[in-house]
Amino acid sequence: MTSREQLLASTFVSLADTLVADFDIVDFLHTLATRSVELLDADAAGIMLADQRGALRLMASSAEEARLLELYELQNNQGPCLDCFRSGRPVARDDLPAMRTSWPAFTDQLQGFGFHSAQALPMRLRAETVGALNLFRLKPGRLTDADLSIGQAMADVATVGLIQERAIATGEQLATQLQTALNSRVQLEQAKGVLAQRAGLHMDEAFQVMRAYARGHNRRLSDVAAQIIDGTLDDDHVRKGSRTRPGVPPRT
Amino acid sequence: MRGPRVTEILSTIAESGEGTPPARLCAECLAALPVSGVAVALMTADGPSGVVLAATDGRARQLEELQFALGEGPCAAASGSGRPVLQPDLTAVGSARWSRFDAAALAAGVRAIFAFPLRVGAIRVGVLDLYRDTAGPLTDLDLADALAFAEAATVMVLHLQDHDEHGAANAALDGPIDSQAVVHQATGMLTIQLGIGLDEALLRLRAYAYATGQTVSVVAADVVDRRLSFDDNESGATGQGWS
(Lines give C-alpha, C1' and ligand atoms only; values in the text may rest on other atoms or scores of the structure.)
Protein backbone atom coordinates (compact mmCIF):
# COMPACT_ATOMS: atom_id res chain seq x y z
CA MET A 1 0.00 0.00 0.00
CA THR A 2 1.08 3.57 -0.54
CA SER A 3 1.32 5.75 2.51
CA ARG A 4 -1.91 7.44 1.49
CA GLU A 5 -3.73 4.14 1.25
CA GLN A 6 -2.38 3.19 4.64
CA LEU A 7 -3.58 6.47 6.12
CA LEU A 8 -6.97 5.96 4.50
CA ALA A 9 -7.26 2.44 5.84
CA SER A 10 -6.19 3.51 9.32
CA THR A 11 -8.67 6.38 9.20
CA PHE A 12 -11.59 4.08 8.54
CA VAL A 13 -10.37 1.59 11.15
CA SER A 14 -10.12 4.31 13.77
CA LEU A 15 -13.55 5.58 12.78
CA ALA A 16 -14.98 2.11 13.17
CA ASP A 17 -13.41 1.98 16.63
CA THR A 18 -15.08 5.19 17.68
CA LEU A 19 -18.43 3.89 16.48
CA VAL A 20 -18.51 1.08 19.00
CA ALA A 21 -16.93 2.95 21.91
CA ASP A 22 -18.75 5.54 24.00
CA PHE A 23 -17.54 8.14 21.57
CA ASP A 24 -17.75 11.88 21.47
CA ILE A 25 -19.42 13.29 18.38
CA VAL A 26 -17.56 16.60 18.26
CA ASP A 27 -14.22 14.87 18.73
CA PHE A 28 -15.14 12.29 16.10
CA LEU A 29 -16.07 14.94 13.53
CA HIS A 30 -12.90 16.86 14.34
CA THR A 31 -10.87 13.75 13.54
CA LEU A 32 -12.71 13.43 10.24
CA ALA A 33 -12.06 17.05 9.34
CA THR A 34 -8.37 16.72 10.18
CA ARG A 35 -8.02 13.49 8.22
CA SER A 36 -9.81 15.06 5.25
CA VAL A 37 -7.01 17.59 5.00
CA GLU A 38 -4.33 14.91 5.35
CA LEU A 39 -5.91 12.60 2.80
CA LEU A 40 -7.28 15.01 0.22
CA ASP A 41 -5.70 17.81 -1.76
CA ALA A 42 -7.34 20.34 0.57
CA ASP A 43 -5.87 22.83 3.04
CA ALA A 44 -8.81 23.20 5.42
CA ALA A 45 -11.94 21.15 6.02
CA GLY A 46 -15.05 21.74 8.07
CA ILE A 47 -18.20 19.79 8.86
CA MET A 48 -21.45 21.72 9.07
CA LEU A 49 -24.82 20.45 10.26
CA ALA A 50 -28.22 22.07 9.88
CA ASP A 51 -30.02 22.98 13.10
CA GLN A 52 -33.77 23.05 13.81
CA ARG A 53 -34.10 26.30 11.91
CA GLY A 54 -32.23 24.91 8.92
CA ALA A 55 -29.28 27.19 9.70
CA LEU A 56 -25.88 25.62 8.97
CA ARG A 57 -23.69 25.41 12.02
CA LEU A 58 -20.08 24.35 12.30
CA MET A 59 -19.51 21.10 14.17
CA ALA A 60 -15.79 20.64 13.52
CA SER A 61 -12.94 22.17 11.57
CA SER A 62 -9.43 20.98 10.75
CA ALA A 63 -8.22 24.25 12.29
CA GLU A 64 -10.02 26.48 14.74
CA GLU A 65 -8.74 29.92 13.78
CA ALA A 66 -11.47 32.49 14.25
CA ARG A 67 -11.19 33.74 10.65
CA LEU A 68 -11.69 30.26 9.32
CA LEU A 69 -14.74 29.74 11.52
CA GLU A 70 -16.22 32.95 10.13
CA LEU A 71 -15.78 31.61 6.63
CA TYR A 72 -17.98 28.64 7.48
CA GLU A 73 -20.65 30.76 9.14
CA LEU A 74 -20.72 33.17 6.19
CA GLN A 75 -22.19 30.37 4.14
CA ASN A 76 -25.54 30.78 5.80
CA ASN A 77 -25.92 33.58 3.25
CA GLN A 78 -24.14 32.16 0.23
CA GLY A 79 -21.48 29.64 -0.69
CA PRO A 80 -20.91 26.03 -1.73
CA CYS A 81 -21.96 24.62 1.66
CA LEU A 82 -25.38 26.26 1.48
CA ASP A 83 -25.94 25.19 -2.14
CA CYS A 84 -24.82 21.67 -1.30
CA PHE A 85 -27.13 21.43 1.70
CA ARG A 86 -30.08 22.72 -0.31
CA SER A 87 -29.49 20.49 -3.34
CA GLY A 88 -28.11 17.41 -1.57
CA ARG A 89 -25.41 17.21 -4.28
CA PRO A 90 -21.67 17.98 -4.42
CA VAL A 91 -21.00 21.62 -5.30
CA ALA A 92 -17.82 22.94 -6.94
CA ARG A 93 -16.70 25.49 -9.52
CA ASP A 94 -13.80 25.30 -11.99
CA ASP A 95 -12.07 28.55 -11.07
CA LEU A 96 -12.29 31.80 -9.16
CA PRO A 97 -14.28 33.73 -11.80
CA ALA A 98 -16.90 30.98 -11.80
CA MET A 99 -16.96 31.03 -8.00
CA ARG A 100 -17.34 34.80 -7.99
CA THR A 101 -20.30 34.58 -10.36
CA SER A 102 -22.07 32.17 -8.01
CA TRP A 103 -21.00 33.57 -4.63
CA PRO A 104 -19.52 37.08 -4.97
CA ALA A 105 -19.34 38.06 -1.29
CA PHE A 106 -18.21 34.65 -0.11
CA THR A 107 -15.49 34.44 -2.78
CA ASP A 108 -14.12 37.84 -1.78
CA GLN A 109 -13.85 36.74 1.84
CA LEU A 110 -12.37 33.41 0.84
CA GLN A 111 -9.62 35.14 -1.14
CA GLY A 112 -9.07 37.55 1.73
CA PHE A 113 -8.20 34.53 3.84
CA GLY A 114 -5.75 33.27 1.20
CA PHE A 115 -7.86 30.46 -0.25
CA HIS A 116 -8.60 30.09 -3.96
CA SER A 117 -11.05 27.22 -4.02
CA ALA A 118 -13.98 26.01 -1.93
CA GLN A 119 -16.29 23.09 -2.49
CA ALA A 120 -18.77 21.01 -0.55
CA LEU A 121 -19.91 17.40 -0.33
CA PRO A 122 -23.32 16.46 1.06
CA MET A 123 -23.90 14.52 4.27
CA ARG A 124 -26.96 12.45 3.53
CA LEU A 125 -28.97 9.97 5.51
CA ARG A 126 -31.54 8.20 3.39
CA ALA A 127 -33.50 11.01 1.66
CA GLU A 128 -32.47 13.74 4.08
CA THR A 129 -29.42 15.99 3.78
CA VAL A 130 -28.25 16.79 7.30
CA GLY A 131 -25.18 18.90 6.50
CA ALA A 132 -22.09 19.19 4.33
CA LEU A 133 -18.34 18.64 4.33
CA ASN A 134 -16.63 21.85 3.28
CA LEU A 135 -13.17 21.75 1.65
CA PHE A 136 -10.96 24.80 1.10
CA ARG A 137 -7.81 24.91 -1.04
CA LEU A 138 -5.02 27.45 -1.36
CA LYS A 139 -4.77 26.50 -5.05
CA PRO A 140 -7.62 27.21 -7.46
CA GLY A 141 -9.70 24.46 -9.03
CA ARG A 142 -11.65 21.38 -8.10
CA LEU A 143 -10.49 18.24 -6.35
CA THR A 144 -9.78 15.25 -8.59
CA ASP A 145 -12.49 12.64 -9.03
CA ALA A 146 -10.44 10.20 -6.93
CA ASP A 147 -10.25 12.74 -4.11
CA LEU A 148 -13.95 13.45 -4.42
CA SER A 149 -14.84 9.76 -4.00
CA ILE A 150 -12.70 9.51 -0.89
CA GLY A 151 -14.14 12.79 0.42
CA GLN A 152 -17.69 11.56 -0.14
CA ALA A 153 -16.89 8.29 1.63
CA MET A 154 -15.65 10.31 4.61
CA ALA A 155 -18.77 12.47 4.58
CA ASP A 156 -20.87 9.30 4.53
CA VAL A 157 -18.97 7.87 7.48
CA ALA A 158 -19.43 11.13 9.35
CA THR A 159 -23.16 10.89 8.81
CA VAL A 160 -23.25 7.31 10.03
CA GLY A 161 -21.26 8.41 13.04
CA LEU A 162 -24.07 10.76 14.00
CA ILE A 163 -26.38 7.83 14.48
CA GLN A 164 -25.06 5.85 17.36
CA GLU A 165 -25.96 2.22 17.60
CA ARG A 166 -26.88 2.63 21.25
CA ALA A 167 -29.15 5.55 20.44
CA ILE A 168 -31.01 3.62 17.74
CA ALA A 169 -31.51 0.76 20.19
CA THR A 170 -33.20 3.14 22.63
CA GLY A 171 -35.41 4.59 19.91
CA GLU A 172 -33.71 7.93 19.65
CA GLN A 173 -34.29 9.49 16.28
CA LEU A 174 -32.08 11.46 13.93
CA ALA A 175 -33.50 14.87 14.84
CA THR A 176 -32.67 14.23 18.48
CA GLN A 177 -29.14 13.14 17.64
CA LEU A 178 -28.54 16.27 15.59
CA GLN A 179 -29.84 18.55 18.31
CA THR A 180 -27.70 16.89 20.94
CA ALA A 181 -24.61 17.11 18.71
CA LEU A 182 -25.17 20.80 18.02
CA ASN A 183 -25.57 21.51 21.70
CA SER A 184 -22.27 19.71 22.42
CA ARG A 185 -20.59 22.09 20.04
CA VAL A 186 -22.10 25.12 21.82
CA GLN A 187 -20.81 23.74 25.13
CA LEU A 188 -17.35 23.34 23.58
CA GLU A 189 -17.38 27.00 22.52
CA GLN A 190 -18.36 28.06 26.04
CA ALA A 191 -15.51 25.98 27.49
CA LYS A 192 -13.06 27.52 25.01
CA GLY A 193 -14.10 30.95 26.29
CA VAL A 194 -13.69 29.97 29.95
CA LEU A 195 -10.24 28.48 29.37
CA ALA A 196 -9.09 31.29 27.06
CA GLN A 197 -9.99 33.91 29.68
CA ARG A 198 -8.53 32.01 32.64
CA ALA A 199 -5.30 31.03 30.92
CA GLY A 200 -4.84 34.02 28.61
CA LEU A 201 -5.07 31.95 25.44
CA HIS A 202 -6.48 32.52 21.98
CA MET A 203 -9.61 30.50 21.18
CA ASP A 204 -7.78 28.13 18.86
CA GLU A 205 -5.07 27.56 21.48
CA ALA A 206 -7.73 26.86 24.10
CA PHE A 207 -9.23 24.27 21.78
CA GLN A 208 -5.87 22.61 21.12
CA VAL A 209 -5.11 22.46 24.85
CA MET A 210 -8.49 20.90 25.65
CA ARG A 211 -8.22 18.36 22.88
CA ALA A 212 -4.64 17.40 23.75
CA TYR A 213 -5.69 16.92 27.37
CA ALA A 214 -8.68 14.78 26.39
CA ARG A 215 -6.51 12.67 24.11
CA GLY A 216 -3.70 12.30 26.62
CA HIS A 217 -6.05 11.20 29.38
CA ASN A 218 -8.45 9.10 27.33
CA ARG A 219 -11.30 11.44 28.15
CA ARG A 220 -14.23 12.54 26.04
CA LEU A 221 -13.78 16.06 24.74
CA SER A 222 -17.34 16.93 25.87
CA ASP A 223 -16.62 15.78 29.42
CA VAL A 224 -13.42 17.84 29.57
CA ALA A 225 -15.37 20.86 28.28
CA ALA A 226 -18.08 20.35 30.92
CA GLN A 227 -15.48 20.13 33.69
CA ILE A 228 -13.70 23.27 32.53
CA ILE A 229 -17.03 25.09 32.63
CA ASP A 230 -18.01 23.89 36.12
CA GLY A 231 -14.51 24.54 37.43
CA THR A 232 -13.68 20.99 38.51
CA LEU A 233 -10.73 20.88 36.11
CA ASP A 234 -8.41 23.82 36.61
CA ASP A 235 -6.62 25.36 33.69
CA ASP A 236 -3.06 24.89 35.03
CA HIS A 237 -3.74 21.22 35.22
CA VAL A 238 -5.25 21.10 31.74
CA ARG A 239 -2.37 23.03 30.23
CA LYS A 240 0.27 20.88 31.90
CA GLY A 241 -1.75 17.75 31.32
CA SER A 242 -2.01 18.49 27.63
CA ARG A 243 1.75 18.00 27.39
CA THR A 244 1.97 14.72 29.27
CA ARG A 245 2.23 11.41 27.50
CA PRO A 246 -0.85 9.32 26.83
CA GLY A 247 -1.83 7.01 29.65
CA VAL A 248 -0.87 9.35 32.48
CA PRO A 249 -3.92 9.58 34.73
CA PRO A 250 -5.33 13.01 35.54
CA ARG A 251 -4.18 14.50 38.83
CA THR A 252 -7.43 15.46 40.50
CA MET B 1 -35.92 22.47 6.06
CA ARG B 2 -37.73 22.68 9.38
CA GLY B 3 -36.51 26.21 9.93
CA PRO B 4 -39.65 28.27 9.47
CA ARG B 5 -41.47 26.25 12.12
CA VAL B 6 -39.58 27.72 15.10
CA THR B 7 -40.13 31.22 13.74
CA GLU B 8 -43.79 30.47 13.15
CA ILE B 9 -44.25 29.25 16.73
CA LEU B 10 -42.49 32.30 18.13
CA SER B 11 -44.52 34.75 16.11
CA THR B 12 -47.74 33.00 17.11
CA ILE B 13 -47.00 33.23 20.82
CA ALA B 14 -45.64 36.79 20.52
CA GLU B 15 -48.99 38.02 19.20
CA SER B 16 -51.26 39.35 21.87
CA GLY B 17 -53.65 36.72 23.10
CA GLU B 18 -54.88 35.07 26.20
CA GLY B 19 -52.38 34.29 28.92
CA THR B 20 -48.64 34.73 29.17
CA PRO B 21 -46.25 33.78 26.34
CA PRO B 22 -45.32 30.52 28.15
CA ALA B 23 -49.02 29.64 28.52
CA ARG B 24 -49.59 30.35 24.83
CA LEU B 25 -46.61 28.21 23.87
CA CYS B 26 -47.95 25.29 25.91
CA ALA B 27 -51.41 25.73 24.36
CA GLU B 28 -49.95 25.83 20.83
CA CYS B 29 -47.90 22.74 21.55
CA LEU B 30 -50.93 20.90 22.89
CA ALA B 31 -52.90 21.80 19.77
CA ALA B 32 -50.12 20.78 17.38
CA LEU B 33 -49.12 17.44 18.88
CA PRO B 34 -51.03 14.28 19.84
CA VAL B 35 -50.52 14.75 23.59
CA SER B 36 -52.79 15.32 26.61
CA GLY B 37 -50.82 17.90 28.56
CA VAL B 38 -47.83 20.24 28.20
CA ALA B 39 -45.70 22.07 30.76
CA VAL B 40 -42.58 24.24 30.76
CA ALA B 41 -40.47 24.33 33.91
CA LEU B 42 -37.30 26.25 34.70
CA MET B 43 -34.16 24.31 35.55
CA THR B 44 -30.91 25.18 37.24
CA ALA B 45 -27.51 23.51 37.15
CA ASP B 46 -28.58 21.58 40.28
CA GLY B 47 -31.87 20.30 38.86
CA PRO B 48 -35.49 21.45 38.89
CA SER B 49 -35.96 24.99 40.20
CA GLY B 50 -39.51 24.37 41.37
CA VAL B 51 -40.74 27.09 39.02
CA VAL B 52 -43.36 25.90 36.56
CA LEU B 53 -43.62 28.65 33.96
CA ALA B 54 -46.80 27.32 32.44
CA ALA B 55 -48.90 24.18 32.17
CA THR B 56 -51.95 23.37 30.09
CA ASP B 57 -53.77 21.77 33.03
CA GLY B 58 -53.59 21.10 36.74
CA ARG B 59 -52.26 17.59 36.31
CA ALA B 60 -49.34 18.69 34.12
CA ARG B 61 -48.48 21.34 36.71
CA GLN B 62 -48.69 18.85 39.59
CA LEU B 63 -46.41 16.39 37.81
CA GLU B 64 -43.82 19.14 37.34
CA GLU B 65 -44.02 20.09 40.99
CA LEU B 66 -43.81 16.45 42.00
CA GLN B 67 -40.53 16.03 40.13
CA PHE B 68 -39.15 18.97 42.07
CA ALA B 69 -40.41 17.57 45.38
CA LEU B 70 -39.08 14.06 44.71
CA GLY B 71 -35.87 15.21 43.10
CA GLU B 72 -36.37 12.63 40.32
CA GLY B 73 -38.16 12.28 37.04
CA PRO B 74 -37.76 12.69 33.28
CA CYS B 75 -37.39 16.47 33.27
CA ALA B 76 -34.37 16.46 35.59
CA ALA B 77 -32.83 13.60 33.58
CA ALA B 78 -33.42 15.37 30.25
CA SER B 79 -31.99 18.64 31.50
CA GLY B 80 -28.99 16.99 33.10
CA SER B 81 -28.03 14.82 30.14
CA GLY B 82 -29.00 17.31 27.46
CA ARG B 83 -30.91 14.55 25.69
CA PRO B 84 -34.66 14.15 25.40
CA VAL B 85 -36.16 11.46 27.62
CA LEU B 86 -38.78 9.58 25.63
CA GLN B 87 -41.00 7.18 27.57
CA PRO B 88 -43.69 5.97 25.16
CA ASP B 89 -45.16 3.49 27.66
CA LEU B 90 -44.74 3.82 31.41
CA THR B 91 -46.27 0.37 31.97
CA ALA B 92 -43.84 -1.44 29.65
CA VAL B 93 -41.46 -3.85 31.34
CA GLY B 94 -38.20 -2.15 32.19
CA SER B 95 -39.47 1.32 31.44
CA ALA B 96 -39.90 2.36 35.08
CA ARG B 97 -36.89 4.59 35.64
CA TRP B 98 -38.10 6.67 38.57
CA SER B 99 -40.18 4.41 40.79
CA ARG B 100 -41.93 7.07 42.85
CA PHE B 101 -42.50 9.55 40.04
CA ASP B 102 -43.58 6.93 37.50
CA ALA B 103 -46.06 5.47 40.00
CA ALA B 104 -47.55 8.90 40.64
CA ALA B 105 -47.79 9.63 36.91
CA LEU B 106 -49.53 6.32 36.24
CA ALA B 107 -51.91 6.93 39.14
CA ALA B 108 -52.76 10.27 37.54
CA GLY B 109 -53.65 8.47 34.31
CA VAL B 110 -50.52 9.32 32.33
CA ARG B 111 -49.16 6.57 30.07
CA ALA B 112 -46.43 8.31 28.08
CA ILE B 113 -44.00 11.16 28.85
CA PHE B 114 -41.67 13.00 26.50
CA ALA B 115 -39.28 15.46 28.13
CA PHE B 116 -37.15 17.85 26.05
CA PRO B 117 -34.23 19.79 27.55
CA LEU B 118 -34.06 23.52 26.91
CA ARG B 119 -30.33 24.11 26.81
CA VAL B 120 -27.77 26.50 25.36
CA GLY B 121 -24.54 24.49 25.55
CA ALA B 122 -23.97 23.89 29.26
CA ILE B 123 -26.66 26.38 30.28
CA ARG B 124 -29.72 24.56 31.58
CA VAL B 125 -32.61 26.86 30.82
CA GLY B 126 -35.55 24.57 31.47
CA VAL B 127 -37.50 21.64 30.19
CA LEU B 128 -40.54 21.09 27.98
CA ASP B 129 -42.61 18.11 29.14
CA LEU B 130 -45.33 16.43 27.09
CA TYR B 131 -47.77 14.05 28.80
CA ARG B 132 -50.17 11.65 27.13
CA ASP B 133 -53.00 9.45 28.41
CA THR B 134 -52.30 6.75 25.84
CA ALA B 135 -49.14 4.75 25.17
CA GLY B 136 -47.15 4.95 21.95
CA PRO B 137 -44.10 6.71 20.52
CA LEU B 138 -44.04 10.08 18.78
CA THR B 139 -43.69 9.82 15.01
CA ASP B 140 -40.63 11.35 13.35
CA LEU B 141 -42.72 14.33 12.28
CA ASP B 142 -44.16 14.85 15.74
CA LEU B 143 -40.71 14.55 17.26
CA ALA B 144 -39.34 17.17 14.87
CA ASP B 145 -42.23 19.45 15.81
CA ALA B 146 -41.65 18.85 19.52
CA LEU B 147 -37.98 19.79 19.06
CA ALA B 148 -39.08 22.97 17.28
CA PHE B 149 -41.33 23.80 20.25
CA ALA B 150 -38.40 23.10 22.57
CA GLU B 151 -36.19 25.53 20.69
CA ALA B 152 -38.96 28.15 20.65
CA ALA B 153 -39.37 27.64 24.41
CA THR B 154 -35.61 28.13 24.91
CA VAL B 155 -35.73 31.43 23.02
CA MET B 156 -38.81 32.46 24.99
CA VAL B 157 -37.30 31.72 28.41
CA LEU B 158 -34.11 33.62 27.54
CA HIS B 159 -36.19 36.63 26.52
CA LEU B 160 -38.24 36.42 29.69
CA GLN B 161 -35.04 36.39 31.72
CA ASP B 162 -33.85 39.51 29.90
CA HIS B 163 -37.13 41.11 30.79
CA ASP B 164 -36.94 40.17 34.46
CA GLU B 165 -33.32 41.13 34.95
CA HIS B 166 -33.41 44.50 33.31
CA GLY B 167 -36.88 45.81 33.82
CA ALA B 168 -37.94 46.08 30.23
CA ALA B 169 -38.32 43.77 27.30
CA ASN B 170 -34.97 44.04 25.58
CA ALA B 171 -35.90 42.55 22.28
CA ALA B 172 -38.86 41.35 20.36
CA LEU B 173 -39.72 37.69 20.74
CA ASP B 174 -38.81 36.75 17.24
CA GLY B 175 -35.04 36.48 17.02
CA PRO B 176 -33.33 33.12 17.20
CA ILE B 177 -30.71 32.23 19.78
CA ASP B 178 -27.45 33.53 18.46
CA SER B 179 -25.77 30.53 16.98
CA GLN B 180 -22.41 32.08 16.20
CA ALA B 181 -19.48 30.43 17.96
CA VAL B 182 -18.19 33.81 19.10
CA VAL B 183 -21.30 34.44 21.26
CA HIS B 184 -20.72 31.24 23.23
CA GLN B 185 -16.98 31.89 23.51
CA ALA B 186 -17.63 35.38 24.90
CA THR B 187 -20.18 33.95 27.34
CA GLY B 188 -17.49 31.60 28.66
CA MET B 189 -15.02 34.49 29.02
CA LEU B 190 -17.53 36.61 30.97
CA THR B 191 -18.00 33.88 33.58
CA ILE B 192 -14.35 34.37 34.57
CA GLN B 193 -14.30 38.16 34.16
CA LEU B 194 -17.34 38.59 36.39
CA GLY B 195 -17.20 35.47 38.54
CA ILE B 196 -20.74 34.44 37.52
CA GLY B 197 -22.39 31.44 35.92
CA LEU B 198 -22.85 30.89 32.19
CA ASP B 199 -26.57 31.66 32.36
CA GLU B 200 -26.04 35.07 33.90
CA ALA B 201 -23.06 35.74 31.62
CA LEU B 202 -25.25 35.24 28.55
CA LEU B 203 -27.82 37.66 29.97
CA ARG B 204 -25.13 40.28 30.67
CA LEU B 205 -23.77 39.94 27.15
CA ARG B 206 -27.23 40.31 25.62
CA ALA B 207 -28.15 43.21 27.92
CA TYR B 208 -24.98 45.08 26.96
CA ALA B 209 -25.74 44.58 23.28
CA TYR B 210 -29.28 45.90 23.65
CA ALA B 211 -28.15 48.84 25.80
CA THR B 212 -25.55 49.90 23.25
CA GLY B 213 -27.65 49.18 20.19
CA GLN B 214 -25.29 46.56 18.81
CA THR B 215 -25.89 42.97 17.82
CA VAL B 216 -24.90 40.32 20.34
CA SER B 217 -22.37 38.85 17.93
CA VAL B 218 -20.61 42.21 17.42
CA VAL B 219 -20.27 42.69 21.19
CA ALA B 220 -19.15 39.07 21.55
CA ALA B 221 -16.45 39.55 18.90
CA ASP B 222 -15.15 42.57 20.85
CA VAL B 223 -14.95 40.46 23.99
CA VAL B 224 -13.20 37.57 22.24
CA ASP B 225 -10.70 39.93 20.57
CA ARG B 226 -10.05 41.54 23.98
CA ARG B 227 -11.27 44.95 22.86
CA LEU B 228 -14.00 44.92 25.49
CA SER B 229 -13.79 43.63 29.02
CA PHE B 230 -16.53 43.42 31.63
CA ASP B 231 -14.29 43.00 34.65
CA ASP B 232 -12.97 46.51 35.06
CA ASN B 233 -16.23 48.20 35.93
CA GLU B 234 -19.00 47.51 38.37
CA SER B 235 -22.08 47.30 36.26
CA GLY B 236 -20.66 45.48 33.29
CA ALA B 237 -23.03 47.56 31.24
CA THR B 238 -20.45 50.14 30.23
CA GLY B 239 -17.54 48.60 28.49
CA GLN B 240 -14.07 49.95 28.86
CA GLY B 241 -10.91 49.36 26.96
CA TRP B 242 -12.31 50.16 23.55
CA SER B 243 -9.51 50.64 21.12
Side-chain angles (χ1 to χ4, degrees), chain A residues 50-59 61 64 66 68-70 72-74 76 85-86 128-129 167 170-200 202-204 206-207 222 225-231 235, chain B residues 1-7 45 81-88 116-117 119-123 137-141 143-152 154 176-193 197-198 201-202 217 220-221 223-226 229 231:
Chain A
D51 66 14
Q52 282 293 310
R53 293 190 298 273
L56 288 169
R57 289 166 57 183
L58 182 72
M59 282 298 298
S61 172
E64 293 265 333
L68 193 53
L69 302 196
E70 279 171 32
Y72 296 114
E73 285 176 356
L74 259 178
N76 272 305
F85 172 66
R86 286 184 172 164
E128 192 172 4
T129 305
T170 58
E172 239 182 285
Q173 285 127 313
L174 174 65
T176 305
Q177 291 285 311
L178 290 178
Q179 193 209 33
T180 306
L182 287 165
N183 203 56
S184 299
R185 179 71 206 191
V186 170
Q187 178 176 281
L188 181 65
E189 299 296 350
Q190 291 167 339
K192 279 163 67 177
V194 171
L195 187 57
Q197 180 70 39
R198 271 207 306 240
H202 288 295
M203 289 302 157
D204 47 343
F207 176 81
S222 296
Q227 278 201 284
I228 284 170
I229 287 169
D230 70 21
D235 55 285
Chain B
M1 280 202 295
R2 299 178 290 264
R5 183 61 175 140
V6 179
T7 313
S81 68
R83 291 174 174 276
V85 172
L86 309 176
Q87 290 186 291
F116 296 88
R119 280 180 65 144
V120 181
I123 304 174
L138 292 176
T139 65
D140 281 359
L141 277 178
L143 184 75
D145 214 28
L147 288 168
F149 271 103
E151 176 158 354
T154 308
I177 303 166
D178 299 279
S179 61
Q180 293 101 325
V182 73
V183 172
H184 306 301
Q185 293 164 1
T187 304
M189 289 176 70
L190 288 198
T191 64
I192 304 303
Q193 291 180 7
L198 277 173
L202 179 58
S217 56
V223 172
V224 168
D225 293 341
R226 269 82 168 180
S229 175
D231 56 1

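Within every chain, numbering begins at 1; the chains are lettered A, B, ... in the order of the sequence lines, protein sequences first and strands thereafter. Worth saying up front: this structure is predicted, and the values here are computed from it rather than measured.
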Discussion item. So which atom in Val194(A) and which in Gly188(B) form the shortest heavy-atom distance, rounded to 0.1 Å?
Written reply: CG2-O, 3.4 Å
Worksheet, complete the sentence: With sequence neighbours left out, the residues meeting side-chain contact (heavy atoms from CB on, under 4.5 Å) with Ala201(B) are Thr187(B), Leu190(B), Thr191(B), Ile196(B)
Fill in: Proximal component of Ala226(A), with respect to chain B [non-hydrogen, under 4.5 Å]
neither
Worksheet item: Would you say the side-chain atoms of Gln190(A) pair up with the backbone N or O of Val120(B), donor to acceptor, closer than 3.5 Å?
Response: yes
Item to complete: Can you sort out the partners of Ser61(A) under side-chain hydrogen bond (donor to acceptor under 3.5 Å, both in side chains), two or more places apart, ordered by chain and number?
Response: Tyr72(A)
Practice prompt. Check each of Lys192(A), Met203(A), Arg198(A) against Met189(B) using the side chain to side chain contact (heavy atoms under 4.5 Å, CB included) test, and report the only one that passes.
Written response: Met203(A)
Worksheet entry | Separation between CZ of Arg119(B) and CG of Leu182(A), rounded to the nearest 0.5 Å | 13.5 Å
Worksheet, complete the sentence: Heavy-atom nearest pair, Ile229(A) first then Ala122(B), reads CD1-CB, 3.7 Å
Worksheet item: What's the spacing between Gln197(A) CD and Asp231(B) CG if we round to 0.5 Å?
Response: 6.5 Å
Fill in: Donor-acceptor pair, side chain of Gln179(A) and main chain of Leu147(B), under 3.5 angstrom
no
Worksheet item: Taking all non-hydrogen atoms of both residues, which atom of Ala196(A) and which atom of Arg226(B) are closest, and how far apart?
Response: O-NH2, 3.0 Å
